[in-house]
Structures are given as structure tokens and as C-alpha cells.
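Presented below is the structure to which this report refers.
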Amino acid sequence: MIKVWKLKHGTPLIAAFFFIALLMTACQRTSKIREFPASICEFDHTAISSIQGNGELSPMLGQELQVNGIVTLIIPSKGLFIEQASSDDSDLTSNGLFIHSPELTTHIAEGDHLVVSGLVTELGERSNTMSSLTEIERFRVCASNKALPETEVALPLVRDEREALEGMHLSINQDLVISDAFGAGSGLLTVNLGGILPVPTEVARPGADARAQATKNRLLSLNIQQVDGISRILPAGTRLLALKGVLGHDSRDLRLIQKEPMRVLPTNVIPIKPPGEGDIRVIGLNLHNYFNGNGKGDGFPTPRGAKTSNEFSKQRDRLSATIAHTRPHLVAVMELENDGFGENSAARDFISDLEGATGESWNFVMPWDGLIGGDVITVGLFYRDDKLAPIGQAEVLTGPEFEGLSRVPMSQQFQDRISGESFLVVVNHLKSKGSCPADSRNANLKDGQGCWNLARTRAARKMAAWTRSRADALTHGKALILGDMNAYRMEDPITAIIEAGFKDLKASSGMGPEFSFIYFGAAGTLDYAFASVKLRPYVQSTRILHINSTYPPGIVLPQPWMRSSDHDPVLVDLRFRQSATLD
């Protein structure tokens with residue numbers, strides 16, 4: 001039997017279901033449950049829809065009742081879901097109910113018509129709970145192999161609509177896309193209608209517009225739990241053909257328990273073409289805390305990076321594979337251990353990675369022989385000797401805008417050895433949104449930009465002005481800024497850089513999703529390449545390579561160059577060998 005659930009609102013569904021029965025164990029009586037006599041099947045019982053009611057809490061909370069329904073899903077060692085065989089034809093009340101009884105799961109099969117008695121309870125924490133039957137004493141299977149009730153739903157759904165589907169067996173036949181695969185190893189996924197949803201301030205100005213986008217995102221999202229035995233590792237962006245499952249709860253919110261293997265469209269991994277002959281390929285790469293211990297194979301765990309030597313070795317292998325696959329000539333890095341440039345430094349180890357991956361000679365930019373800034377991590381510039389020649393001394397921008405906050409930016413003038421053209425490269429890493437301060441100016445103002453927005457904006461403004469000044473003096477205004485700005489596209493720090501005369505080379509062009517990071521199922525750009533007006537004519541192409549953020553950590557991946565970081569790299573090809581013309 002299929003009931004089509006008609007929506008009355010033009011808003012989306014964030015129905016998420018993953019079962020946690022932890023706090024229920026204390027509720028279950030230790031005595032074995034007994035069977036009802038067969039005559040119980042002829043009696044009238046309390047309707048599930050009456051137990052659910054039309055609010056968030058059951059109107060029959062605390063009452064001992066008998067209910068009957070078709071078993072739609074069994075969670076071994078935890079409980080099962082039943083749904084009344086005939087609909088009450090109301091969009092305001094649910095027809096499904098969770099029965100918490102680890103013992104009962106060994107006696108029951110899906111499709112059984114079950115009568116059961118127990119105590120009406122709200123399971124979960126805080127205000128968002130799941131109406132359930134606990135302290136199960138008696139049951140009876142009145143029939144088997146019954147057709148499962150099934151309600152067809154469509155996104156979007158608002159909160160009240162979700163609540164009215166709690167515990168029910170649902171099917172969704174829409175164009176859904178996996179937006180968050182971070183917990184895929186545990187069977188946890190988030191899907192959205194139509195595509196990966198944006199971080200609010202990726203597409204909307206901070207404030208009211210961003211809050212409206214956040215509301216839209218919540219309504220369009222659906223959290224799911226793949227059941228044991230059918231979990232699959234699928235990257236964000238994978239398109240689904242249909243979903244079917246039971247809408248349950250994870251003690252915080254609704255979650256759809258996936259009953260069957262998901263039908264998906266295959267995801268093609270697009271290889272990265274090598275740079276054109278004579279081009280200079282630049283890549284911005286967040287190293288995800290590249291710490292090499294003491295540089296001699298010991299010194300683990302490290303303050304922010306690998307916990308063991310073996311873990312660091314695997315990190316190096318992935319990064320080396322990324323370099324071998326992308327074939328850059330200049331690498332601007334973030335989250336490099338800030339331990340100088342000596343024989344055992346992280347910078348020296350990274351040089352070994354680069355040379356092993358490419359078979360070419362590499363060098364690093366060294367403003368001085370010592371730490372760069374006061375943070376445990378720093379930025380860095382590494383280049384191929386045969387392609388680029390550093391001109392003059394590297395410079396580092398210091399000041400109160402960076403001390404104890406953002407990493408200090410580093411700049412270096414390079415000359416293309418083939419064309420003789422020179423350009424300035426600046427690498428930067430702004431303050432993260434974490435560890436919110438009590439200082440109201442840098443606190444989270446609830447406008448979508450998170451905390452430390454003022455600090456990031458001041459650092460970005462000073463860095464952009466410094467870059468323009470140096471480029472005008474050294475390279476006729478040709479400058480490239482790369483880095484992890486810890487700010488999404490519509491936020492104040494990015495606006496400050498653009499207003500200083502730099503173009504975001506990967507601003508959304510309508511050609512597809514532009515993002516470098518996925519956070520709780522929403523995608524946005526934290527990693528950028530900005531070009532000055534004078535450099536733009538030489539920019540041949542720019543790509544954000546979705547080889548990291550879309551894949552969950554700690555899994556076997558189809559290519560060794562995937563998931564070398566939690567951020568996607570940004571790749572820029574420069575071509576100086578022909579006359580420059582503005583587009």
C-alpha cells in the first residue's frame with residue numbers, strides 16, 4: 001500500500017534518521033516478554049496515530065497501551081518500527097512508531113502484523129525526541145508476509161511535516177545528491193535536493209540574506225543512516241536515483257534509516273591534464289598540518305599533525321601522489337610545521353616529497369633561516385629551479401593584524417626562465433573561525449561569518465595593499481595571491497581583497513559548483529587564487545580540484561592522490577610566452 005503524502009508548503013526536508021538506543025537500556029525490564037493469546041488479534045487497539053498526536057510529544061506519554069501494526073524495519077539488538085496497516089488520512093499525525101525491545105527483534109520479521117503492549121515514552125535528549133513504546137511485556141504475531149505500508153514524500157518539507165512522518169516507512173523519488181560523506185565509513189550521509197548546497201555566505205551577503213539561505217539549506221537536507229551490510233563509500237556530489245527507508249531519530253534530530261542499497265549514478269574521476277608546454281603551473285595546497293616529528297623518524301605525536309611515524313608516512317605518500325598527478329612548478333602551501341629550514345625541518349622533508357614525485361630539482365623560499373611568524377604552522381613557497389628563478393629577497397608582512405591571529409603572509413618575486421617575465425607571488429593563511437573570543441568585535445555576530453571576522457578582514461586588507469605596493473614596484477603590477485582565507489566568497493575579508501583590485505579567479509561562473517571545503521553538508525570556498533589586473537591576461541586557466549573535500553577520511557580511495565588534505569587544492573596555469581591581451 002502506498003500513500004502519497006502531499007505537501008502544503010514550498011519548503012524542503014531535512015529528515016535525518018540514525019538510531020541510538022543507549023539511554024533506553026535502563027528502561028527495558030529484564031524479564032522475558034510473553035506472548036499474547038491468539039484472540040488478542042481480534043481486539044481493537046490504540047491507533048498509532050493517536051499515540052503520535054499532532055505535536056512533538058505524544059499526548060499519551062506515560063500510559064501503558066496495546067498497539068498493532070506492520071513491522072517495517074528491524075534494528076538488531078535495539079528494536080523495530082511498526083506502522084498501522086490503514087492510514088488515518090491525516091497529514092498532521094504519524095502512522096509509525098518505534099518499539100524499543102532488543103529481545104523482541106529475535107522473534108519478529110519484516111512484514112509481520114504485530115500486536116505489542118508497552119509504555120509510551122519519548123526517547124532522546126533535549127526537546128527533539130522520538131515517540132516510542134518501551135518496557136515491552138507482551139506481543140503476538142497475528143500474520144506474516146504482509147505488504148509494507150509506504151508513504152511517498154518529496155522535498156522540501158518543513159519541521160511540522162517531518163514530525164508528522166516520524167517512524168514511517170518512506171520513499172523519495174527525486175533528484176538527490178550526496179552533500180556530506182564525512183561519516184560514510186559509519187554509514188552516515190547527508191543528501192540534498194538538486195545538488196550540494198552552499199555555505200550561506202558563499203552565495204549570500206552576511207546577515208539576513210545568509211540567515212535565509214541557512215534556513216533554506218536546513219529544509220533541503222536529509223540525513224540518512226545506511227544499515228549494516230549495505231554501507232558504501234560514495235563521494236559528495238554522487239547523484240541518487242531514489243531513497244527508501246524509515247524515518248527515525250538519532251537523539252538529536254530525525255534521520256532516515258536506509259533499508260536498501262542506494263541506486264546511484266556513477267561518479268567519474270576527471271584526470272588533471274599536464275600543463276601546456278612553456279606554461280607555469282602554480283598550485284595552492286593546504287597540507288593539513290604537515291609535521292615531521294623531529295625529522296629523524298621520531299618525535300610523534302606532533303602538536304597538530306601526525307600522531308605516529310606511520311601516519312606521517314601515509315600523509316607524505318598522498319601529498320607526493322598529488323604533486324605527481326598535478327605536475328606543478330610552484331607550490332604555495334599552508335599548514336606547514338613552523339620549524340625553520342634546517343636539515344631536519346618539515347620544509348626539507350617536503351622538498352624530498354616534491355623531488356621524489358617529479359624527478360626534478362626543487363627549492364624553497366627562505367626569508368631568513370628561522371621561524372616564520374609566531375604560530376606553530378606557517379606558509380611556504382616551493383619552486384622548480386629549472387622553471388623559475390627567484391628575484392631578490394623574499395619578504396614577510398608582520399604587524400598587529402597578524403600577531404597571535406593570522407599567519408604572516410610571505411611574498412617572492414619570480415622570473416619565468418623561458419619568457420623572462422616576472423611576477424609576484426603571495427601566500428597567506430588567515431585566522432580560522434574557531435575558538436571564539438569574549439571580545440565583542442571578534443565574537444560570532446550571528447551574521448554567518450563566524451568569529452574573528454574583524455581580525456581576518458583587517459589582515460586581508462593590509463595584505464592586499466602590501467601586495468599591490470610590492471607588485472607595482474617590482475613586476476609592473478603583476479601579482480598572484482594564494483591561500484586559505486578561512487572566509488567564504490561573500491564575507492568581508494574576500495570583499496576587501498577584491499576591492500583592493502584583485503580578481504577571484506574561481507568566482508562562480510555557472511560552469512559548476514565552485515568550492516574547496518565541505519562543512520556539515522554545505523560547500524564553500526576557503527582556498528583562493530586572486531590575480532591583479534596586470535597579471536590576469538597571463539592566466540591561462542584556473543581550477544579548484546575536487547579531490548579532497550568530497551571524500552571522507554580514513555578510507556581506501558580509487559586514486560592515491562585523493563584526500564591528501566581536507567581542503568581542495570587550487571591550480572593556476574600562467575602563460576607568459578605570448579603577447580598579453582585583456583579579455
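Pairs of residues two or more places apart, or lying in two chains, that qualify as ring-ring contact (aromatic ring centres under 6.0 Å, His included) and include a residue from residues 399-418 are Y383-F414. Note on residues 447-495: pairs passing disulfide bond (SG atoms under 2.5 Å apart), not counting sequence neighbours, are C436-C451. Evaluation of the ring-ring contact (aromatic ring centres under 6.0 Å, His included) test over residues 443-488, restricted to residues two or more places apart or in two chains, returns none.
Legend: residues meeting side chain to side chain donor-acceptor pair (under 3.5 Å) with D447, ordered by chain and number and at least two apart, are Q449. Under the side chain to side chain contact (heavy atoms under 4.5 Å, CB included) criterion, K307 pairs with P301, E311, sequence neighbours left out. Partners of S516 according to the side chain to side chain donor-acceptor pair (under 3.5 Å) rule, which considers only residues two or more places apart in sequence or in another chain, are D527. Under the rule for a ring-ring contact (aromatic ring centres under 6.0 Å, His included), the partners of H567 that lie at least two apart in sequence or sit in another chain are F517. Considering only residues two or more places apart in sequence or on other chains, F341 meets the ring-ring contact (aromatic ring centres under 6.0 Å, His included) condition with F364. Residues passing the side chain to side chain donor-acceptor pair (under 3.5 Å) test with S422 are Q413, sequence neighbours excluded. In terms of the side chain to side chain donor-acceptor pair (under 3.5 Å) criterion, residue partners of S179 (sequence neighbours excluded) are, by chain and number, N192. Listed by chain and number, the residues in a ring-ring contact (aromatic ring centres under 6.0 Å, His included) with F502 amount to none (sequence neighbours excluded). Residues passing the side chain to side chain contact (heavy atoms under 4.5 Å, CB included) test with A181 are I178, A184, L189, P552, sequence neighbours excluded.
Residues I351 and D353 are not in side-chain contact: their nearest non-hydrogen atoms beyond the backbone lie 4.5 Å or more apart.
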